[in-house]
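Encoded as structure tokens, the structure appears first; notes follow it.
All residue numbers in this chain count up from 1 along the given sequence. We use all heavy atoms of the structure for the numbers below, so side chains are in, but hydrogens, waters and symmetry mates are not. Because the structure is predicted, anything quoted here is derived from the model rather than measured.
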Amino acid sequence: MMFNLGYVRPEEVPGIPRLPKEPAAIVFAPLADAPVPPSVVIFAVKNSAAMLLSEASLRAGASSPLPLLGRPSCMALPAALAHGTVSTLGCIGNRVYTNLSADELYIVVPGAKLEAVSDALGIISTANATLEEFARGRQAALSTV
């Protein structure tokens with residue numbers, strides 16, 4: 001159907017990231033309830049949180065050189081495993097099945113890098129709060145000149 005609609009062209013298929021082999025099992029659970037360490041962690045976030053996670057991933061050395069991914073959004077999982085943290089806009093099928101809102105996107109972090117990204121997120125969040133306060137003060141000062 002995707003080919004017939006022109007949504008995906010056959011020549012695009014080889015460029016879609018895939019797992020090197022079919023997994024024996026897949027576990028999908030909230031992080032706190034996961035019975036095994038995660039291979040990847042999927043965050044559904046608004047743009048401001050995506051910025052913080054992306055900056056933290058970069059600081060942690062866990063970011064990917066891949067561009068923002070489009071469709072299919074499921075390619076973000078093997079892409080994160082192979083390349084590091086990725087961002088994906090969420091394709092229409094995913095948005096329908098998961099109720100991802102129009103102002104959200106996904107950040108997918110490799111499970112092995114989650115702790116480093118989490119540690120970096122504390123530093124990045126604090127820095128961003130301080131920088132925001134500075135910029136707001138400067139904006140006010142500049143607007144009165």
Side-chain angles (χ1 to χ4, degrees), residues 1-136 138-139 142-143:
M1 180 177 185
M2 289 184 185
F3 290 144
N4 291 338
L5 292 170
Y7 185 64
V8 174
R9 296 172 301 179
E11 60 269 21
E12 293 176 88
V13 173
I16 296 173
R18 291 173 256 216
L19 294 173
K21 66 178 192 165
E22 186 174 333
I26 296 174
V27 176
F28 186 81
L31 185 57
D33 299 334
V36 295
S39 298
V40 295
V41 179
I42 304 167
F43 294 90
V45 297
K46 297 196 183 301
N47 291 338
S48 57
M51 177 192 69
L52 295 173
L53 269 172
S54 293
E55 289 179 7
S57 180
L58 185 62
R59 179 180 180 85
S63 102
S64 164
L66 296 177
L68 178 64
L69 302 175
R71 48 64 180 147
S73 54
C74 55
M75 75 174 156
L77 281 64
L81 285 169
H83 303 287
T85 300
V86 296
S87 303
T88 180
L89 297 169
C91 63
I92 190 60
N94 177 277
R95 288 181 174 279
V96 169
Y97 296 130
T98 65
N99 291 319
L100 186 71
S101 71
D103 62 345
E104 292 179 306
L105 60 108
Y106 294 112
I107 303 290
V108 183
V109 178
K113 299 286 188 171
L114 183 61
E115 187 173 347
V117 171
S118 178
D119 291 346
L121 186 58
I123 295 165
I124 293 297
S125 295
T126 299
N128 268 262
T130 301
L131 289 166
E132 180 179 12
E133 185 179 323
F134 170 79
R136 292 203 184 279
R138 182 144 188 215
Q139 177 190 36
L142 292 173
S143 65

For the student: nearest non-hydrogen atoms of [X] and [Y], plus distance:
X	Y	answer
A80	P110	O-CG, 3.4 Å
P78	P17	CG-O, 3.5 Å
V108	V40	CG1-CB, 3.9 Å
F3	V8	CD2-O, 3.0 Å

When rounded to the nearest 0.5 angstrom, what distance separates [atom1] in [X] from [atom2] in [Y]?
X	Y	atom1	atom2	value
N128	I123	CG	CD1	12.0 Å
L68	T88	CG	OG1	7.0 Å
I92	S73	CD1	OG	10.0 Å
I16	C74	CD1	SG	8.0 Å
L121	T126	CG	OG1	9.0 Å

Determine whether a donor-acceptor pair (N or O, by modelled atom type, separation under 3.5 Å) exists between the side chain of [X] and the backbone of [Y].
X	Y	value
S54	A50	yes
R71	Y7	yes
S57	L53	no
R95	S101	yes
T85	A62	yes

**Item:** Residues, nucleotides or ligands: over 12 heavy atoms within 6.0 Å of E115 CD
**Value:**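 No.
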
**Item:** Flag if over 12 foreign heavy atoms under 6.0 Å of CD, E133
**Value:** no

**Prompt:** For V117 and F43, what are the C-alpha separation, side-chain angles and deciding distance, and is it a side chain to side chain contact (heavy atoms under 4.5 Å, CB included)?
**Reply:** CA-CA 12 Å; V117 171; F43 294 90; over 6 Å; no

**Message:** Within the 4.5 Å heavy-atom criterion, are R59 and E55 side-chain neighbours or not?
**Reply:**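 No, too far: nothing below the 4.5 Å cut-off.
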
**Message:** Between I42 and F28, is the side chain to side chain contact (heavy atoms under 4.5 Å, CB included) condition met? List the steps.
**Reply:** CA-CA 10 Å; I42 304 167; F28 186 81; 4.1 Å; yes

**Request:** Answer yes or no: is there an ion pair linking R136 with E132, defined by an N-O contact shorter than 4.0 Å?
**Result:** yes

**Request:** Please step through side chain to side chain contact (heavy atoms under 4.5 Å, CB included) for the pair L31 and L114, ending with a clear verdict.
**Result:** CA-CA 11 Å; L31 185 57; L114 183 61; 3.6 Å; yes

**Item:** Stepwise side chain to side chain contact (heavy atoms under 4.5 Å, CB included) check, V13 with R18
**Value:** CA-CA 10 Å; V13 173; R18 291 173 256 216; 4.1 Å; yes

